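Convention: sequence-line order gives letters A, B, ...; per-chain numbering from 1. What you see is a predicted model, and the numbers here were worked out from it, not measured in a lab.
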Amino acid sequence: MEKFKLTDHKKSDEESPERRNFVRDIVEEDLKTDKFGGMVHTRFPPEPNGYLHIGHAKSICLNFGLARDYKGLCNLRFDDTNPTKEESEYVESIKLDVRWLGFDWGDREYYASDYFDQLYEFALTLVRKGKAYVCDLTGDEIRQYRGTLTEPGKDSPYRNRSVDENLDLFQRMRKGEFPNGSRTLRAKIDMGSPNINMRDPVLYRILHATHHRTGDAWCIYPMYDWAHGQSDSIEKITHSVCTLEFADHRPLYDWFLDELGIYHSKQIEFARLNLTYTVMSKRRLLLLVEEGLVKGWDDPRMPTISGLRRRGYSPESIRLFADRIGVGRSESTSDVALLEDCVRDDLNRRAPRVMAVHRPVKLVLENYPEGVVEELEAVNNPEDHSAGSRTIPFSKILYIEQDDFRENPPKKYFRLSPGMEVRLRYAYIIKCTEVIKDKATGQILELRCTYDPETRSGSPQSARKVKGTIHWVSAAHAKDAEVRLYDRLFTVENPGGDDWRSFLNPHSFEQVQGCKVEPGLATAKAGERFQFERLGYFCVDEDSAGEKLVFNRTVTLRDTWAKMEKATDKT
RNA sequence: UGGGGUGUAGCCAAGUGGUAAGGCAGCGGCCUUUGGAGCCGCCAUUCCCAGGUUCGAAUCCUGGCACCCCAGCCA
């Protein structure tokens, strides 16, 4: 259909070479010096204690992206060393999210808990070397002995137990002879270290708890520091990428690997993602869910992968975002507008166009014949010739957007108003002749218009210049739909402090009933994405069923008119 | 005088001694049967500050300043 302009566009950023970042520099340098035998093997190590969010997506894209680009591998490893917080439900959601994002870990699905035996053996090795001891101090005492940020700690009175005694005690810890919290296994390093992580860190704690995978096989569980690096080593991870707060742990990470004399992975820290107008910590996200401030982990307002998915974000758009924000070591907060730009960028190329009216107002074409229905051709996607076209019904009674009519139009308002002309997309040019209102309330009930039969789309007369084009739907043929509009979850860029909840945006969710959509949408399936012309990108919600159509607004289209109005409001 | 880290535009971010990429946001304009998309242009004489080295410094040196992280038997 050549009468409508089809646009060409530059190719996706995703297809262009990856941008430079310091992690890639390190990897390339290691490849050049053959530090890891030419291998690149990364891992994504989530703790299954919550749902993944967009910050995890950054890490996933980094780790799996490194493996992809340097012909290496990336493992999925669950860091499940704390049975009191972890659940299988989270394992499943994490796997689904990583897969949905487009990454594949092959058969390399690992669990730190797979290594409990090995880790225990490693601990025995350390004990035998005199580099670890069983400590009977209570939690409180350990804290007191640890010293402070500015004062060194002091040695535990149990620090110099004999190897034999340590061996005996540790084995009995493992057998379950002692109650929770009564003893720990600690590394013997340096209580005077300026790095608190080196002040005899706890390796094992006693926890009589059922683990989601190992059941009751264990009652001692390894701490993060003890489990993580050794797990990396067991898997022969070359580059162990983690977030900045673990930089202080690196000396300990290295110490364990050196003492054990095993494969030495390299830990590299990068800055975690922060996003404006939302919160990202698992703790806060959990609170939002638990306190019912949102409808669940997959509430479309949540920055979780599942929330973004339900909102209509595509995996491509999230990967594009990850590429565009880059990877660095300086703490930063990315503008959510960039994320929004990424979905628009992706969906603009791919989402079929469709006409839908949010808040309908009836429009009657006085000079249009009664009972006639025309089938008009409409382009499915002006960005994609191959998407073809469809046919949409047109008749005497239509619905248009309330917002597309103003009785007293402001300057530069190009839409419909009394006596003015406007084009109905893919149809005719019409003129408004009368406004019928409710006498009591003044509410507009109906617009009376005439159409110009010469201007049917595609005819020579249709080339006539008219300021505005609006969307519409034929009243008799339209399907009813519910549309859910979402806005930013918070009203401020950085909702921090104890009262962060007070910045929740009361208008972040609006449910609009009685929307009218073109008939072809009746068969749309959950997850399908569309552009509602002039309004935004929408996707079919999973609540959609049979006759009941439900759409989520992913993001609005860029709206320069709204921007202009807002600007003039201010002056 | 605890340790670790970071400071390049409103937000991200390249830059690795040779005269400040790119994206988002913003601002103009063109084009348009989506006020969409696309296209064009503008947007850091200066890189936290102050000294120094050098023909030449965001890059090197010295000294400051600011911010973030660490005192879980969480990860």
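With both pairing distances under 3.5 Å, B/C67 is matched to B/G5 as a Watson-Crick or G-U wobble pair. In this structure, B/G35 forms no base pair with any nucleotide, since neither Watson-Crick nor G-U wobble geometry is met with both distances under 3.5 Å. B/U53 is unpaired under the Watson-Crick or G-U wobble criterion, no partner having all donor-acceptor distances under 3.5 Å. Base pairing annotation: B/C42 forms a Watson-Crick or G-U wobble pair with B/G26, both donor-acceptor distances under 3.5 Å.
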Base, backbone or nothing for each nucleotide of nucleotides 66-75 of chain B, written B, S, -, heavy atoms under 4.0 angstrom, 5' to 3'?
-> --SBBBSBSB
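Distance A/Asp335 CG to B/C12 C1': 9 Å, rounded to the nearest Å. Taking atom CH2 of residue A/Trp561 and atom P of nucleotide B/G35, one finds them 12 Å apart after rounding to whole Å. Atom CD1 in A/Ile325 sits roughly 15 Å away from atom C1' in B/A14 (whole-Å rounding). Look at CG on A/Asp341: it is 11 Å from P on B/G23, rounded to the nearest Å. In this entry the distance linking CG of A/Asp384 with P of B/G38 reads 15 Å, nearest Å. Here the P atom of nucleotide B/U33 and the CG atom of A/Leu424 are 15 Å apart, to the nearest Å. What separates CG of A/Asn21 from C1' of B/U6 is a distance of 17 Å, to the nearest Å. Rounded to a whole Å, the CG atom of A/Asn380 is 21 Å from the P atom of B/G36.
The C1' atoms of B/U19 and B/G28 are separated by 30 Å, rounded to the nearest whole Å. Spacing between B/C43 and B/G23 at atom P, rounded to whole Å, works out to 14 Å. Between B/A13 and B/A21, the two C1' atoms lie 9 Å apart (nearest whole Å). The same atom, P, is picked in B/C31 and in B/C39; the two are 16 Å apart, to the nearest Å. Taking atom C1' in both B/U46 and B/G63, the straight-line distance is 22 Å, to the nearest Å. Going from the C1' atom of B/U8 to that of B/A44 covers 8 Å, rounded to whole Å. With both ends at atom C1', the span from B/G2 to B/U59 equals 30 Å, rounded to whole Å. Atom C1' of B/C70 sits at a distance of 35 Å from the matching atom of B/A25, rounded to the whole Å.
Between A/Ser332 and B/A13 there is a side-chain N or O to OP1 or OP2 distance below 4.0 Å. Close to B/U6, at under 4.0 Å from its OP1 or OP2, lies a side-chain N or O of A/Arg329. Taking only side-chain nitrogens and oxygens, A/Lys563 comes nearer than 4.0 Å to OP1 or OP2 of B/G26. Remark: A/Arg324 is not in phosphate contact with B/G22, judged by side-chain N or O atoms under 4.0 Å from OP1 or OP2. Contact annotation: A/Ser334 does not reach the phosphate of B/C24 (side-chain N/O to OP1 or OP2, under 4.0 Å).
Base orientation at B/G72 is syn, since its O4'-C1' glycosidic dihedral falls within 90° of 0.
Using a 4.0 Å heavy-atom criterion, one finds that A/Val327 contacts the sugar-phosphate atoms exclusively. Note on A/Gln531: a base of the nucleic acid sits closer than 4.0 angstrom, heavy atoms only. A/Tyr413 comes within contact range of at least one nucleobase, with a heavy-atom separation under 4.0 Å. Residue A/Lys58 is out of contact with every strand shown, counting any heavy-atom pair closer than 4.0 Å. When heavy atoms are screened at a 4.0 angstrom cut-off, A/Leu557 is found touching base atoms of the nucleic acid. Counting non-hydrogen atoms under 4.0 angstrom, A/Thr150 reaches a base of the nucleic acid.
Judged by distance alone, with hydrogens and angles left aside, A/Arg415 brings a side-chain donor or acceptor within reach of the base of B/G35, the pair sitting under 3.5 Å. For B/U34, the base has a donor-acceptor partner in the side chain of A/Arg353 [N/O atoms by modelled type, under 3.5 angstrom].
Between A/His358 and A/Phe538, the distance from one ring center to the other falls under 6.0 angstrom. Aromatic rings of A/Trp472 and A/Phe394 (six-membered ring for Trp) have centroids within the 6.0 Å cut-off, being under it.
Side chains of A/His471 and A/Glu401: a donor-acceptor N/O pair is present below 3.5 angstrom, by distance only. Under 3.5 Å, the side chains of A/Tyr51 and A/Glu89 contain a donor-acceptor pair of N or O atoms.
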So A/Glu454 and A/Arg464, salt bridge (charged side-chain N to carboxylate O under 4.0 Å, His left out) or not? Walk me through it.
-> CA-CA 10 Å; A/Glu454 302 293 296; A/Arg464 217 171 87 206; over 6 Å; no
Residue pair A/Glu374, A/Arg456: steps toward the salt bridge (charged side-chain N to carboxylate O under 4.0 Å, His left out) verdict | CA-CA 11 Å; A/Glu374 285 184 87; A/Arg456 175 169 160 159; 2.3 Å; yes
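A/Phe530 is linked by a ring-ring contact (aromatic ring centres under 6.0 Å, His included) to nothing, counting only residues two or more places apart in sequence or in another chain.
In this structure, the nucleotide among B/G2, B/G23, B/U33 sitting nearest to the side chain of A/Leu338 is B/G23. Taking the side chain of A/Ser462 as heavy atoms from C-beta on, and the options B/G35, B/U33, B/G5, the nearest nucleotide is B/U33.
Nearest-nucleotide positions on RNA chain B for A/Thr560 and A/Asp25 put A/Asp25 closer to the 5' end.
In this structure, A/Tyr221 and A/His211 have parallel ring planes: the angle between them is below the 30° cut-off, well short of the 60° mark.
At distances below 3.5 Å, at least one donor-acceptor pair connects side-chain atoms of A/Arg349 with backbone N or O atoms of A/Asp345.
Note that A/Arg43 lies outside the cation-pi zone of A/Tyr110, set by a 6.0 Å cut-off to the ring centre and a 45° limit from the axis.
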